[in-house]
Asker: 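Okay, handing you the structure first.
Atoms considered below: every heavy atom in the structure, side chains included; atoms not considered: hydrogens, waters and symmetry mates. Remember, it's a predicted structure, so these values are computed and weren't measured experimentally.
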Amino acid sequence: MAARGEDPEAYAGYLAAFAHGMPPHGGFAIGLERWTARFTSAANVRQTTLFPRDLHRLTP
């Protein structure tokens, strides 16, 4: 960041997540819901998501 002239203090909240190392990768690069949506030819990825989130549904 310093090489690009960025202030690391502006990214303190983001960098705190990596204070103890990088979290492990969690699965497919495309994502299981997106893969299932393509496999089933669903019109929207929310149709293949177990608990979809949108403006009217924020909790399961």
Side-chain angles (χ1 to χ4, degrees):
M1 288 183 204
R4 294 182 56 192
E6 301 270 345
D7 180 22
E9 202 56 40
Y11 301 97
Y14 174 76
L15 295 174
F18 304 104
H20 301 288
M22 182 69 177
H25 188 267
F28 292 113
I30 190 172
L32 184 59
E33 288 90 0
R34 294 188 186 281
W35 181 83
T36 305
R38 285 188 176 224
F39 184 74
T40 61
S41 299
N44 193 315
V45 70
R46 282 184 246 143
Q47 295 173 332
T48 60
T49 303
L50 184 59
F51 297 112
R53 306 287 197 258
D54 61 16
L55 292 174
H56 306 290
R57 181 188 170 117
L58 299 176
T59 59

Asker: Return a table of donor-acceptor pairs under 3.5 angstrom between the side chains of residues 9-20 and protein atoms on other chains or two or more places apart.
Answerer:
residue	atom	partner	partner atom	Å
Tyr11	OH	Glu6	OE1	2.8

Asker: Could you grab the distance from atom CZ of Arg34 to atom OG1 of Thr49, nearest 0.5 Å is fine?
Answerer: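 One gets 8.0 Å once the value is rounded to the nearest 0.5 Å.
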
Asker: For Thr40, give me all partners under side-chain contact (heavy atoms from CB on, under 4.5 Å), at least two apart in sequence or on another chain.
Answerer: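 Checked Thr40 against side-chain contact (heavy atoms from CB on, under 4.5 Å); matches are Thr36, Ala42, Thr48.
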
